[in-house]
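In what follows, chains carry the letters A, B, and so on, assigned in the order in which the sequence lines appear, proteins first and then strands, with residues in each chain numbered from 1.
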Amino acid sequence: MAGENERGRREKWQRLGVQWLKMYFQLNHFIYNVEDWPIIRDDQCPQQSNRVDCGMFVLKYGEHLINGTNMDFQQNDIPRFRGEYAVKVIRKAKESENRIKKIQEECETYKQQIDLGVARQVFDEIPNPDRPIFAWNVLMNEHAKAGDPDRCLSLFKDMLEHGIRGNPHTFSCVLKCLASSGSVSEGASLHGYLVKSGFVAYIAVGNALIAFYSKRRRIDSALCLFEGMLERDVVSWNSIMSGCISNNLAEKAIGLLVKMRLSGIDADAMTVMCVSPACARTGFLCFGRAVHGYSIKSRFVEEANVGNSLIDMYGKCGDSDSAGRVFQCMHRRTAVSWTSMISTYTRDGRFDEAVDLFKRMEEEGVQPDAFAVSSILRACTLGGLLEHGRDVHDRIIRIGLESDRFVANALIDMYAKCGSVTDARVVFDRIASTTNDVVTWNTMIGGYSKNSLPNEALSLFGEMMRLQVKPNCVTIACVLPACASLSSLERGREVHSHALRIGCYSDKYVMNALMDMYAKSGALHHACALFDRMEAKDLISWTVIIAGYSMHGHGGQALMTFRAMRANAIEPNAASFLAILRACSHSGLIKEGQKFFAAMLEECKIEPETDHYSCMVDLLSRAGRLTEAYRFIESMAVKPNSSVCTLLLRGCQAHQDVKLAEKVAERIFELEPENVEHYMLLANIYAEAERWNATKKFIERLNQRKGSSKGCSWIEIRGKAQVFIDGDDKAHPESKKIRSLLESLGLKMAEDGWLMKRRHGFVKEEQESCGHSERSAIALGILNSRQRATVRVAKNTRVCGECHKFAKFVSKSHQREIVLRDSERFHRFVDGRCCCRR
DNA sequence: ATAGGGTTAG
């Protein structure tokens with residue numbers, strides 16, 4: 001008697017528990033798929049009974065909401081609710097929008113009330129011995145699907161503690177969770193257990209193990225397991241192929257597909273989805289076409305996901321037209337289809353088409369998700385489409401996606417790269433408090449660096465450290481340019497030490513940025529040391545080091561390095577040619593410069609840009625070959641800008657060719673009427689030729705336009721940058737000491753015969769326009785450092801002739817090495833001489 | 001009744 005009672009109770013619990021769980025999940029499914037009602041017609045998926053059940057449940061629930069009918073769930077309802085009737089009720093429900101709204105509102109409340117916790121409660125109410133394994137599995141699976149692998153795993157542990165051993169379903173699910181959380185060794189020990197208990201013989205378990213090892217980057221173990229399988233089905237092949245692809249063995253994946261066909265296993269739609277990324281990765285377009293053809297023949301293309309992966313494949317193989325054709329022919333397009341197509345156009349530089357596509361997507365009623373908006377934002381970023389970007393931002397706010405971290409990062413990046421750092425910062429501030437995503441910080445810091453706001457970049461980096469957000473290699477690569485543009489050796493060293501701590505020495509972006517920073521901070525030898533140690537030097541590494549030599553006036557070294565680069569079979573690009581041409585112009589290597597300039601177009605098929613022309617003009621002008629330089633400008637394929645002409649004008653000044661100077665100046669004034677430097681330059685030229693009337697005229701024009709002079713110099717004293725504004729020698733707290741030092745230096749210069757010849761009473765004007773802030777910086781450096789220590793100063797404009805002479809003098813009189821970085825290059829003063837030959 | 005494989009982004 002008691003046994004029967006016991007059995008009855010068990011059955012009741014089992015029924016009840018199962019029913020509850022079922023109801024929970026189906027309701028859940030319903031809530032999240034209200035939009036999908038018509039899809040749940042069972043005549044569309046006759047072989048999938050669970051979807052039918054679900055559809056049935058939805059119907060009952062819909063009826064209950066609309067008509068208040070009884071919600072009782074009876075087994076024999078199932079057949080009656082299939083097919084036509086289902087369609088009818090759905091139509092009825094769709095007829096009245098108000099009612100639908102009501103349903104949706106109710107769903108909202110249910111969404112809050114019913115969650116996995118409730119399911120767990122129901123589950124807990126079932127006494128342990130009565131819990132069917134099925135209930136465990138379902139609950140574990142739901143946790144896994146909800147993206148909570150840890151809960152799933154802890155349930156698994158509970159299960160083991162209760163003495164329940166699990167079945168193949170259990171292990172597939174657990175392995176899936178272990179792939180995303182937990183350690184390799186846990187998975188491996190489970191593997192051991194599965195071998196001992198014989199569960200590995202189940203194909204699904206073997207397949208789950210393959211997926212586990214692949215995701216845990218143990219592709220060798222996965223392959224070994226795969227090879228040893230007694231029985232393989234199409235899922236096994238698909239799993240191992242996608243494992244290979246995600247572990248950079250795309251070629252092997254293609255080989256495996258061939259093997260699979262040879263062993264007589266038919267590909268399914270998933271195979272197409274697995275193997276298309278392999279074609280994309282290898283650029284194996286014709287194989288991709290074959291796969292496409294196969295999927296047309298087997299009608300897999302009709303599945304939206306297959307189409308999506310084909311779009312992606314064509315896009316990544318560089319055939320965006322074919323991608324467009326696949327997109328055009330699709331029966332049903334999901335948000336993924338639109339997103340893939342948008343990214344394809346973006347990759348191809350067809351930004352406007354990407355934007356149109358996004359608009360069409362919305363017109364056709366496809367709600368964009370986080371992926372879709374991220375990819376359209378990327379199109380705006382690369383295309384510099386700030387206004388479209390703002391429109392998208394509005395949409396994002398309305399959809400409620402702004403807090404998604406991927407979306408927010410893309411927004412920050414878009415604003416920063418389109419030149420609106422303030423907008424970027426607004427988005428950053430909105431999310432920075434809720435997330436400590438490194439990418440967010442990196443994007444913002446990089447945005448500041450790219451918009452020439454190095455101080456902001458550095459202070460944000462400091463803030464990040466203070467909040468103990470862990471930086472990664474990208475962070476380092478984003479801050480270093482800020483240090484470089486400030487010539488801030490100390491900050492650069494600090495960041496370098498972070499890089500060492502994190503372990504970025506194999507990251508080539510970081511290495512290149514470090515070398516660049518050291519070169520631009522005047523410590524070329526550090527840059528060279530890193531360069532020599534670097535194993536995989538790429539084009540950027542070589543270019544950085546060539547530019548470094550060039551900046552420091554080591555023309556010969558630059559030439560040697562350029563040759564070494566080509567000997568290492570690395571083809572120069574426009575930037576490396578610019579570096580080598582600058583090296584030639586800084587070191588006065590005319591013949592070499594002309595040779596490189598010619599080689600650029602003839603050998604390497606690179607069209608010279610304005611900067612390349614500038615180097616040539618500079619080279620010729622400095623050498624006094626002024627007519628040649630003028631003819632060169634005339635022959636330029638691109639429109640010469642004012643800075644090209646200014647270089648020639650400087651040449652005219654140095655070689656006292658007033659006539660040509662007038663001709664050139666005419667052109668410059670047209671191009672840049674606001675820049676006072678040009679007027680001053682011409683006035684100086686007249687003064688030197690003793691043409692006083694003309695001089696006066698230009699000084700007047702100069703004074704009329706004199707407005708914002710923005711020159712400044714800075715120096716680092718004990719880790720802090722001290723800034724001196726041109727023409728303002730009173731602002732600094734130590735200005736008194738500085739002035740008296742400068743005065744005594746001035747006297748000594750005069751005594752030693754170093755003072756400049758007063759050039760026809762005109763030097764004063766030049767003094768005013770320069771502002772000489774670099775002198776104050778040098779003086780402060782001398783006052784605040786130990787004897788014979790190098791003084792490193794940076795200036796954001798070109799150093800004037802007087803200050804240059806001043807620095808030469810100080811380097812001799814105080815026996816100090818002075819490194820002065822101006823807007824053009826580095827000047828290294830040692831014992832009264834400078835490396836720039838000026 | 002429950003499972004194993006895929007696509008879109010920084």
Return the set of residues passing ring pair (Phe, Tyr, Trp, His ring centres under 6.0 Å) with A/Y448 (not counting sequence neighbours), or none when no residue passes. none
Look at the side chain of A/N238 against the base of B/dG6 and say whether a donor-acceptor pair falls under 3.5 Å; ignore hydrogens and angles. no
Spacing of A/M270 atom CE relative to B/dA3 atom P, expressed in whole Å: 13 Å
Find the distance A/W237:CH2 to B/dG5:P and express it as a whole number of Å. 18 Å
Atom-pair distance (CD1 on A/I311; C1' on B/dA9), nearest Å: 16 Å
Are any of the side-chain nitrogens in A/R289 or A/D319 under 4.0 Å away from the carboxylate oxygens of its partner? yes
Under 4.0 Å from OP1 or OP2 of B/dA3: is there any side-chain N or O of A/K176 that close? no
Identify which nucleotide among B/dT8, B/dG5, B/dT2 has an atom closest to any side-chain atom of A/S340, counting heavy atoms from C-beta outward. B/dT8
Can you find a heavy atom in the side chain of A/T475 that is under 4.5 Å from one in the side chain of A/N472? yes
Could you give the CG-to-P distance, from A/N167 to B/dG4, as a whole number of Å? 13 Å
Side-chain contact check for A/N207: nearest option of B/dA3, B/dG4, B/dT7 is B/dG4
Find the distance A/I219:CD1 to B/dG5:C1' and express it as a whole number of Å. 13 Å
Whole angstrom is fine here: how far is it from CG in A/D266 over to P in B/dG5? 21 Å
Whole-Å distance, A/I210 CD1 to B/dG5 P, equals 11 Å
Atom CG of A/L411 and atom P of B/dA9: how far apart are they, to the nearest Å? 16 Å
How would you label the contact of A/N305 with the nucleic acid (heavy atoms, under 4.0 Å): base, sugar-phosphate, or nothing? base
Could a donor-acceptor pair under 3.5 angstrom be found where the side chain of A/N308 meets the base of B/dG6? no
At a heavy-atom distance below 4.0 Å, what parts of residues 241-258 of chain A sit against DNA chain B? A/S242
Picking from B/dT8, B/dT2, B/dG6, which would you name as closest to the side chain of A/F371? B/dT8
Touch class at under 4.0 angstrom, heavy-atom based, for A/I203 against every strand present: base
Nearest of B/dA9, B/dT2, B/dG4 to any side-chain atom of A/H169? B/dT2
Determine the minimum heavy-atom distance between A/L256 and A/M241, stating which atoms define it. CB-CG, 3.9 Å
Min side-chain heavy-atom separation A/H143-A/D150 under 4.5 Å: no
Among B/dG5, B/dA3, B/dT7, the one nearest A/N141 by side-chain distance: B/dA3
Measuring centre to centre across the rings, with the benzene-like ring taken for any Trp, is A/W136 within less than 6.0 Å of A/F156? no
With sequence neighbours left out, the residues meeting ring pair (Phe, Tyr, Trp, His ring centres under 6.0 Å) with A/F287 are A/F284
Taking the side chain of A/D312 as heavy atoms from C-beta outward, which of B/dG4, B/dT7, B/dG6 is closest to it? B/dT7
Can you see if the side chain of A/S343 gets near the phosphate of B/dA9 - specifically, an N or O under 4.0 Å from OP1 or OP2? yes
Report which part of the nucleic acid A/D437 touches: base, sugar-phosphate, or nothing (heavy-atom distance under 4.0 Å, all strands). base
Can you tell me if the side-chain N/O atoms of A/K215 get under 4.0 Å from OP1 or OP2 in B/dG5? yes
Under a 4.5 Å cut-off applied to non-hydrogen side-chain atoms, are A/H388 and A/F351 in contact? no
